[in-house]
Amino acid sequence: MLGSAVALTAGALVPAQLVGAQPAAAASYDWVALGDSYTAGVIQAAGDVFEIPRDGCERTDQSYPQVIDRDLSSLIELTNVSCGAATIEDITFRAQEPIGRHLPPFSEDPDYPFPPVPPQSEAVGPGTDVITVGAGGNTLDFGGILSKCLELGSGSGGTDTPCKDELAAGIPAKLTKVGKDYNAMLAKLHEKAPQARILAVGYPTIIPADTSKCRYNDVHQFFSITQGDLDWLRRDVLEPLNKTIEKSVGTQDKADFVDLYASSANHSVCDARKWVEGILDSDDRPALVHPNAGGHRNAADQVTSAILNAISPS
């Protein structure tokens with residue numbers, strides 16, 4: 001039903017010059033998708049890895065770029081170079097060594113190590129019409145913060161804020177780096193594609209406002225992270241991450257922020273209808289707090305609207 005609704009919306013907003021065009025000629029907008037694992041998909045709950053041979057970036061067929069590509073295939077041509085574990089610098093200028101699903105002790109990837117992949121910005125050029133980018137979490141080192149919170153919360157009985165107590169002082173500097181790197185990335189993308197609209201995709205709701213929903217030592221949620229630390233992570237780490245990205249976007253005339261936070265508010269890791277999996281997914285597979293297919297479908301809906309607005313005549 002959602003797919004049909006998106007298709008109808010796309011039809012309603014197709015620019016006038018494309019109406020009545022032949023299908024082969026209609027895909028006249030070039031879209032490049034950049035980003036980290038929240039764009040690439042990565043986990044099994046976000047679909048199957050579709051690229052053979054694998055490059056270790058773990059793009060999945062239910063990730064939001066691929067969902068949108070199927071919905072709008074007659075209108076846009078997708079180049080998806082998003083990659084799990086990418087930092088902002090990996091998008092802007094640095095070759096990345098993908099890790100695939102090699103995440104000891106949770107999982108080992110038989111194909112690891114993988115050869116480096118080029119900086120994602122190399123996929124962008126003067127003919128690019130739309131760029132979507134979802135990044136910042138790895139520059140913030142959210143995975144490392146999460147791992148430390150799991151370690152410090154173990155054996156705590158779910159009380160107090162051991163992670164906040166140890167890590168809070170370092171968060172402002174991490175957020176500052178995110179903002180600085182994001183500004184540099186946007187400038188680079190604009191330089192490479194002066195006519196492109198850049199859509200910066202934020203992060204969804206991961207931790208609920210009411211953390212009493214989160215059960216301590218539940219591996220399908222946040223396992224050993226305490227309720228107090230979850231409140232801190234939401235309020236002082238994740239929400240400021242989105243705000244930092246949005247602030248950076250505000251410095252560019254040809255960039256817009258795509259908010260996923262509000263639309264996913266009741267679909268956190270601790271909600272019954274979750275769009276982000278916990279440490280393990282419901283089938284006990286490693287998920288490490290990543291969006292599932294439902295989360296990517298929601299992201300696809302929000303990003304589709306932004307893409308259609310970007311390519312519609314003003």
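Heavy atoms only: backbone and side chains are in, while hydrogens, waters and symmetry mates are out.
In this structure, the side chain of Ser248 does not engage the main chain of Thr244 through any donor-acceptor pair within 3.5 Å. Asp69 places no side-chain N or O within donor-acceptor distance of the main-chain N or O of Gln66, the cut-off being under 3.5 Å. The main-chain N or O of Arg215 is found under 3.5 Å from a side-chain atom of Gln221 such that the two form a donor-acceptor pair. Counting only distance, with no hydrogens or angles, the side chain of Asn242 and the backbone of Tyr203 share a donor-acceptor pair below 3.5 Å. Using a distance-only test at 3.5 Å, with no hydrogens or angles considered, no donor-acceptor pair links the side chain of Asp36 to the main chain of Ser82. Checking side-chain atoms of Ser63 against main-chain N and O of Gly41 turns up no donor-acceptor pair under 3.5 Å.
The pair Asp301-Arg297 meets the salt-bridge criterion, with a side-chain N (NZ, NE, NH1 or NH2) lying under 4.0 Å from an Asp/Glu carboxylate O. Between Lys243 and Glu246 no salt bridge is recorded (no basic side-chain N to carboxylate O distance below 4.0 Å).
Using a 4.5 Å heavy-atom cutoff, the side chains of Lys254 and Ile198 are not in contact. Two residues are said to be in side-chain contact when any heavy atoms from C-beta on lie closer than 4.5 Å; Ile88 and Val178 meet this criterion. Considering only heavy atoms from C-beta on, Tyr38 comes within 4.5 Å of Val289 through its side chain.
Sorted by first and then second residue, the salt bridge (charged side-chain N to carboxylate O under 4.0 Å, His left out) pairs involving residues 259-273 (not counting sequence neighbours) are Lys213-Asp271. For residues 123-138, every residue pair satisfying the side chain to side chain donor-acceptor pair (under 3.5 Å) rule, not counting sequence neighbours, is listed here: Trp31-Thr132. Sorted by first and then second residue, the pairs that involve residues 66-102 and meet disulfide (SG to SG under 2.5 Å), not counting sequence neighbours, are Cys57-Cys83. Residue pairs meeting the side chain to side chain donor-acceptor pair (under 3.5 Å) criterion with at least one member in residues 44-55, sequence neighbours excluded, are Glu51-Arg59, Arg54-Glu58, Arg54-Asp109, Arg54-Asp111, Asp55-Arg59. Sorted by first and then second residue, the ring-ring contact (aromatic ring centres under 6.0 Å, His included) pairs involving residues 92-130 (not counting sequence neighbours) are His102-Tyr112.
Between the side chains of Tyr64 and Thr39, at least one donor N or O sits under 3.5 Å from an acceptor N or O.
Both Leu103 and Phe142 are assigned to one and the same hydrophobic cluster, defined by single-linkage of ILVMFWY side chains at heavy-atom distances under 4.5 Å.
When each of Leu152, Thr161, Asp229 is tested with Glu166 by the rule side chain to side chain contact (heavy atoms under 4.5 Å, CB included), just one qualifies, namely Leu152.
For Ala287, the side-chain contact (heavy atoms from CB on, under 4.5 Å) test picks out Ile43, Glu277, Asp281, with sequence neighbours left out.
When every heavy atom of Gly153 is checked against every heavy atom of Ser156, the shortest pair comes out as O-OG, 2.7 Å.
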Q: Please lay out, stage by stage, how Thr211 and Asp231 fare under the test side chain to side chain donor-acceptor pair (under 3.5 Å).
A: CA-CA 7 Å; Thr211 52; Asp231 282 323; 3.0 Å; yes
Q: Start with the C-alpha distance between Ser312 and Asn309, add both sets of side-chain angles, then the distance that settles side chain to side chain donor-acceptor pair (under 3.5 Å), and finish with yes or no.
A: CA-CA 5 Å; Ser312 294; Asn309 285 335; 5.3 Å; no
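A distance of 9.0 Å separates CD1 of Ile245 from OG1 of Thr139, quoted to the nearest 0.5 Å.
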